[in-house]
Amino acid sequence: MKTMTNLRNFGALIGLTILLSACGGDDGKPGEPGQPGGQPAVNINELIVTVDKVSMDQGVATVDYRVTNQDDEPVVGIPSTTYIAAQLLPQGYTGPGNSSQWQFFTSENCSSSCAGEYTDHKNGNYSYTFSAAFDGMNGISYQAGSTQRLVLKLGGDSLPDGTVLPLVNQNFDWQASDNGESSEPAYTRNLISITTCNSCHNDLAFHRGNYNQVETCVTCHNSDRVSNPEHIFPQMIHGIHLTGFPGSVANCQTCHAADDTLSENQNWTRVPTMEACGSCHTSIDFPAGQGHPAQANNANCVACHNPDWTVSVHSDDDDQMALSQFAAKITAASLSGDTVSFTIMLQDPTTGTPYADSVEKLNFVSDLRVYANWGTSFDYSVESGPNIRLKNVTPISGSAGSYNYQITGLTVPTGSEMDAGVLAIQGRVCAANGVLGDCSDTNNSTVNIKSSHQFFTAQALTDSGRRVVVTNATCGSCHGDQQLNIHGSRNDLEGQCQICHNPNRVADETTANPANTTVDYKHLIHSIHSGNSADYPDINYPGNIGNCAQCHSENNGISTVALPLISTMKPMAVGDISTNPATINSFTSPTSAICSGCHTSDGAKNHMTQQGGVFMGTEADATSGTESCATCHGQGSSYDVLKVHPIQ
């Protein structure tokens, strides 16, 4: 065991040399320039690690690197660092058709002592010499022509003066012979960016939060480090995402997103293997020939599964092409009594050409419906508004792509006539290979259109309507762009779901926390994503549940999670849901109802009650405005919800 190098001995030697030089003689030639210095960093919000080089001496590697803060100031006194070394065998090296393969050499940690030799040069520069030659470590032969990887993990602790160091994983790929300095590698293997992972997961990190980069994970999760084949990185990640994945598992590009900065961009299409593919297609036994022609190795995979074919069966490109040929849009609407009259335009967006026939005559339309509700300022008048199925009716009038219809039975409460309503479109078309076709043809399958909604007043369409709290884009960061289809073909999570999932729904009074039983949209989504919904017990939210910005949008630069709530927010209705319709027996005040969906403890409930919250009280009490939550938790206050939640 070698201890950290103490530079004080070198200081004494230098002092002696200076004294001797005063005795006369030649001053000698100028020395090599010193390393960059500067005042040590004081404010450290970010650690930036720059690897200078790796030097090999008889197969023993020494890495030289520099650590600075966000202002390029040297960080001195790093108390601990972990050094991981791995080697990448090239594609095909282990057998025809096989992918490139990481091999783990070693992981050496330096804190109070080191396996190798660690030097802090006291100017932001550091060096580490491994304890031995890589060749033979972990039973692996060092290949001078192969790509090598070093991962440096530092931070997550503090400097001697107490300055907290943020965690960083920095990888460096290189190649070198047994003696000499490193050079650029001829190849590497970077298939996925952690940025893509964090679009759902938020600061993904493992092993007590120490490792947070894909480039780190693969150096250990390989066949030479882990004993269980299911823990090899590709198989492990595929297997984990088979359960509870929030989008289509078949769409590989959710994770394997196209990214030109990746050295192996779209590798998944070019290098199919039994190991990678079989970790998703779990019913296939390749060697036994079950579910696939018998295959002993990967040599012939690409003969059938070429990149174009692989992309075509693992994406929705054909569906998107079909959808691009049909669009249905509300172009006019007005209200008279309880009847809303509206015009819908049908056209081919690729050409701008309107369809000559109305919906019931278009053989490629499987279904097209329009839903209505009234009262955008108070979250709608009824729990489920009237609708019309255009495939089953003849339009009142119209031609050349624009057709007129009516929906009757809209509930317009007295005094709300100057408010606004909403119309929502949903439906399906039939297609094959990206081309719309007759729904009676069994070769065609149905494709859900992208649902949409449009607000209207008594006189005309309007852009002003119900507040926007979440958007299809924020939901799509995990679920895909309107890819989550509920009740068949409803996928406008921004404005369609709320037409039925509104405060007219009733929570179950017999449960410990009624807020997690109502299907009112705001409560429903909170309970599902927090894992508190009895109807979705297996949901495992992939991100930080406290990061409200993962779902919530912004309004004029302020997150819609901010308090206070809008003044027209209704209380949560609670009652007997076994009756039809449900019997309302009590109410919970708006803010308490929302916050108690995630903050479920008795202490949290008591706190809300002490601050004026009402749980299962009268409607008069629940709407009396006694909640004082915004005093402490409102915008700019000491415990602003935007501050106390880990919002990113």
Problem - Derivation of the side chain to side chain contact (heavy atoms under 4.5 Å, CB included) call for Tyr405 and Phe342 - result: CA-CA 6 Å; Tyr405 299 87; Phe342 66 93; 3.5 Å; yes

Handout entry: Presence of salt bridge, Asp379 and Arg467, under 4.0 angstrom
Key = yes

Verify the distance criterion only: is there a donor paired with an acceptor across the side chains of [X] and [Y] at less than 3.5 Å?
X	Y	answer
Asp520	Thr518	no
Thr591	Glu627	yes
Gln496	Gln426	yes
Asn265	Asp259	no
Asn472	Asp492	yes
Asn448	Arg428	yes
Ser341	Gln406	yes
Asn532	Ser527	no
Asn555	Thr560	no

Exercise for the section: Can you establish whether the number of heavy atoms outside Lys643 located under 6.0 Å from its atom NZ is more than 12? Expected result: yes

Exercise for the section: State, yes or no, whether a side-chain contact exists between Asn45 and Pro166 at a heavy-atom distance under 4.5 Å. Expected result: no

Problem - Min side-chain heavy-atom separation Gln325-Pro349 under 4.5 Å - result: no

Smallest separation among heavy atoms of [X] and [Y], with atom names:
X	Y	result
Ala257	Gln266	C-NE2, 3.9 Å
Ala372	Val340	CB-CG1, 4.4 Å
Ser530	Gly597	OG-O, 3.9 Å

Handout entry: Test applied, salt bridge (Lys or Arg N to Asp or Glu O under 4.0 Å); reference residue, Asp367; option that passes from Arg389, Lys391, Arg490
Key = Arg389

Exercise for the section: With Glu215 as reference, evaluate Ile194, Ile192, Asn190 under the side-chain contact (heavy atoms from CB on, under 4.5 Å) test and give the passing residue. Expected result: Asn190

Exercise for the section: Among residues two or more places apart or on two chains, list those pairs meeting salt bridge (Lys or Arg N to Asp or Glu O under 4.0 Å) that have a residue in residues 504-513. Expected result: Glu383-Arg505

Exercise for the section: Decide whether a cation-pi geometry holds between Lys605 and Phe615; the criteria are a distance under 6.0 Å from NZ or CZ to the six-membered ring centre and an angle within 45° of the ring axis. Expected result: yes

Hey, what's the ring geometry for [X] with [Y], parallel, tilted or perpendicular (30° and 60° as the breaks)?
X	Y	answer
Tyr541	His529	perpendicular
His607	His633	perpendicular
His552	His526	tilted

